Amino acid sequence: MASPFAVCKFHMRGKVAAVHSFHKLQAFFRRGIGSDAVAVHAETVRKLQCDEQNGHRALHILQEERRKQAQRSVLISCQVTTNEKKFLKYLSQHGDINKFFFYESYGLYAVVEFSSSESVASLLESSVIPSVSHECVVPFKSRLLWLRNHSLVDSGGQTSGLVCQAQTTTPINELIHRISTQESIEQQMMSLTEASQLTEENSRLRFLVCSLLEDIATAYFPECTITPFGSSVNGFGKLGCDLDMFLNLDNIKGRNMRLPKSGLSLEYQMKRANSERAVTQSILSVIGECVDQFGPGCVGVQKILNARCPLVRFSHQPSGFQCDLTANNRVAMKSTELLYLYGGLDARVRHLVFSVRCWARVHGITSSIPGAWITNFSLTMMVLFFLQRRNPPIIPTLDQLQQLAGPADKSIIDGNDCTFVSDFAKVQLQSNTETLEQLLSAFFEFYATFNFSRLSINIRKGKEQNKPEMSPLHILNPFETSLNISKNVNVTQLDRFVALCQESSWLSQQSRTLNPKKSTSGKNTAMPWGLAALLLPLQVDGIKGRKKKTRELASERIKSLLVSLKKKDSPTS
Ligand code: GTP
Ligand code: MG
């Protein structure tokens, strides 16, 4: 059956200027409301959607490009007094430099990408193994280096004023202040995405760390690859998110080759194990050991091999990333591709996900510690489902994406059909012109009143279904449909989520929350309003208690919260 969705996509990155003007236009149209203005607004949305469509590439193409860049790159620990010009001149002896940047993480580091991998080989050839007194080194050579040439360091011990790229997220109070100065809730949401999303440099660094790990793994399995998945590449990652890595052994040659029907042939003799899980566990165990013993900069290595999805967890100090290395995790790779596709179809998807994730984090709905909390992955599924339930829907269902798939998209993993279209150009969106402001408020309302006790969230069908089991929150795993991705969530956490949605839904409908506060001078003050007000601590009494509660004025509440926030921020506290 033909899908009602035809060609269009709306990816915002790199179009910030255009979108800013678009939102100014939107604000203007809302003020001077008229049917012509509404029509122009809809046309503007459609045009921007189509403009964006032409620049979006399939995830695997992007991954391959980044992987190649990473293979031509080195990571160098520098001194704060390093002279950039001399440093680059020194490195250029080995070949042309494509790109470089500096950042700080337990010291100053430089990522340098050469034009060719021969340059990296030449640079490594000229590097020396350190001689240390009282200690010995493991002579494992990697592309993580120290800059030791003192002639490159400026005299006088002064810092050289190198420009460092931020690799961490903006502190919440600063973020609240920043978005409070915006003129509309849409601009606030876009500004929040801008401030939180992974930067070009951070993305390069993530691929470089995978590439450094790949150098260790290929010592055993020369044809294996290590690629990032999850929020590092699905478009929803924020600075500081963990680095999920996938060790892929499927590319090893000879795996799918058939024995000839006649004549002689040779087969590899190989160790056998009882299950694929046992093979994964033994490979991760050995690689985890190598990372621990030989991997420069890798600390706190834990082998968590009995988890549902076995993994090796460690900190990569030079990048500051918390890393999770998994193997044989192809379904997660497909989920990553799916989220990437959804995020690229319409810019509102990413903005809403970033705002909701930030809101959930500040209110303790999500946490970096494993437990009964709702995960970011589940929360993203909830946003996607909500967007599928709009009228008309903003994004297609997974079943519709499956119908649009071509032969090259076919993917069956462990008996699960993970097929869906990868070509953005084949997906046509319906004409929904709701603003981000409307969507944010509607999201809270939708989940404030959702019948969680009876219904399941299902992005495959884009419709509520009866719950097949009695977990408090049921979100269907899109590719392993017998599984619930939010099985870990308990009643208390779900109740908190619902209560916060109710509170935020109410707050977002109050005119005083909706309008930017003006000071007497007419300029916007930093008084939190709109999205910023929703990021301040909220009073949640639980569902039953809330019904009895007499509400105080939103503005009064925000004022008192502001005072407490200011107190928290003050240097004396
Ligand atoms: P962050 O919180 O920013 O790290 O988001 P994330 O999307 O990277 O989540 P996480 O690190 O927990 O998981 C990495 C990826 O694994 C996700 O993006 C999904 O693709 C997949 N994943 C996580 N949890 C589940 C789950 O419960 N079921 C399935 N099928 N996949 C999951
Ligand atoms: Mg992650």
Side-chain angles (χ1 to χ4, degrees), residues 59 63 167-169 193 196-198 202-203 206-207 209-210 226-248 304 307-316 319-343 349-350 353-362 364-384 398 411 413-418 420 456-460 469 471 473-489:
L59 181 59
Q63 297 251 59
Q167 307 298 326
T168 50
T169 186
T193 310
S196 329
Q197 72 189 0
L198 300 184
N202 194 270
S203 173
R206 284 170 189 269
F207 275 85
V209 173
C210 286
I226 293 188
T227 41
F229 70 99
S231 61
S232 294
V233 284
N234 66 16
F236 299 109
K238 72 167 210 188
L239 287 170
C241 71
D242 68 354
L243 172 57
D244 302 294
M245 296 188 274
F246 172 53
L247 169 65
N248 189 351
I304 310 171
R308 190 180 76 83
C309 182
L311 71 136
V312 174
R313 178 166 288 169
F314 60 94
S315 294
H316 185 256
S319 60
F321 296 142
Q322 180 70 31
C323 304
D324 279 353
L325 175 68
T326 56
N328 195 23
N329 194 6
R330 282 162 296 194
V331 175
M333 206 64 220
K334 282 316 271 187
S335 314
T336 302
E337 278 175 42
L338 181 67
L339 262 52
Y340 175 81
L341 180 74
Y342 275 128
V349 179
R350 287 184 69 242
V353 168
F354 271 93
S355 292
V356 169
R357 278 190 177 198
C358 182
W359 166 87
R361 191 57 190 264
V362 298
I365 292 184
T366 54
S367 165
S368 57
I369 310 158
W373 292 276
I374 297 175
T375 63
N376 273 330
F377 183 57
S378 296
L379 204 57
T380 307
M381 289 291 162
M382 291 170 101
V383 175
L384 296 179
L398 180 50
S411 168
I413 300 171
D414 302 330
N416 298 300
D417 193 348
C418 302
F420 61 90
S456 160
I457 290 165
N458 181 340
I459 67 153
R460 191 161 262 290
E469 38 119 326
S471 305
L473 176 60
H474 192 278
I475 304 176
L476 188 94
N477 183 326
F479 297 119
E480 295 162 290
T481 51
S482 60
L483 302 179
N484 170 14
I485 64 163
S486 51
K487 210 176 167 62
N488 62 313
V489 177

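Keep in mind that this is a model prediction, so the values were computed, not measured. Both ligands and their constituent atoms are indexed starting at 1 by order of listing.
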- Any donor and acceptor pair, going by atom type alone, linking the side chain of R460 with main-chain N or O of P478 inside 3.5 Å? yes
- Closest to atom 2 (O) of ligand 1 among protein heavy atoms sits N376 ND2, 2.9 Å
- Message: Against ligand 1, does R357 come closer than 4.0 Å with any heavy atom?
- Response: yes
- Looking at D242, which of its N, O or S atoms is the nearest one to the Mg ion (ligand 2)? OD1
- What do we get for I485 next to ligand 1 when only non-hydrogen atoms under 4.0 Å count, side chain, backbone, both or neither? both
- With atoms numbered from 1 as shown, which atoms in ligand 1 lie under 4.0 angstrom from a non-hydrogen atom of S335? 20 (O)
- Of the non-hydrogen atoms in F479 and D417, which two are nearest, and what is the gap between them? CD2-O, 4.1 Å
- For atom 17 (C) of ligand 1, the protein heavy atom that lies nearest, with its residue and separation: F377 CD1, 3.8 Å
- Message: Looking only at distances, can you tell me whether any N or O atom of A332, backbone or side chain, sits closer than 3.5 Å to an N or O atom of ligand 1?
- Response: yes
- Task: Starting from atom 30 (N) of ligand 1, find the nearest protein heavy-atom neighbour and note its residue, name and distance.
- Result: N477 ND2, 2.9 Å
- Counting from 1, what ligand 1 atoms have a heavy atom of C241 closer than 4.0 Å? 3 (O)
- Answer key: the N, O or S atom of D244 nearest to the Mg ion (ligand 2) is OD2
- Message: Starting from atom 1 (P) of ligand 1, what is the nearest protein heavy atom, named by residue and atom, and what distance separates them?
- Response: S231 OG, 3.4 Å
- Any heavy atom of D244 sitting closer than 4.0 Å to ligand 1? yes
- Message: If you apply the rule side-chain contact (heavy atoms from CB on, under 4.5 Å), what do you find for F321 with N202, and how did you get there?
- Response: CA-CA 10 Å; F321 296 142; N202 194 270; 3.9 Å; yes
- Note on the structure: heavy-atom search around atom 4 (O) of ligand 1 in the protein gives D242 OD1, 2.8 Å
- Task: Do me a favour and list the nearest non-hydrogen protein atom to atom 18 (O) of ligand 1 with residue, atom name and distance?
- Result: G230 CA, 3.3 Å
What donor-acceptor contacts under 3.5 angstrom involve side-chain atoms of residues 227-235, with partners at least two apart or in another chain?
{"unit_1": "S232", "atom_1": "OG", "unit_2": "R206", "atom_2": "NH1", "d": "2.9"}
{"unit_1": "S232", "atom_1": "OG", "unit_2": "D242", "atom_2": "O", "d": "3.4"}
{"unit_1": "N234", "atom_1": "OD1", "unit_2": "F236", "atom_2": "N", "d": "2.8"}

- Item | Closest protein heavy atom (residue, atom, distance) for atom 15 (C) of ligand 1 | F229 CE1, 3.6 Å
- Is at least one protein non-hydrogen atom found at under 4.0 angstrom from atom 27 (O) of ligand 1? yes
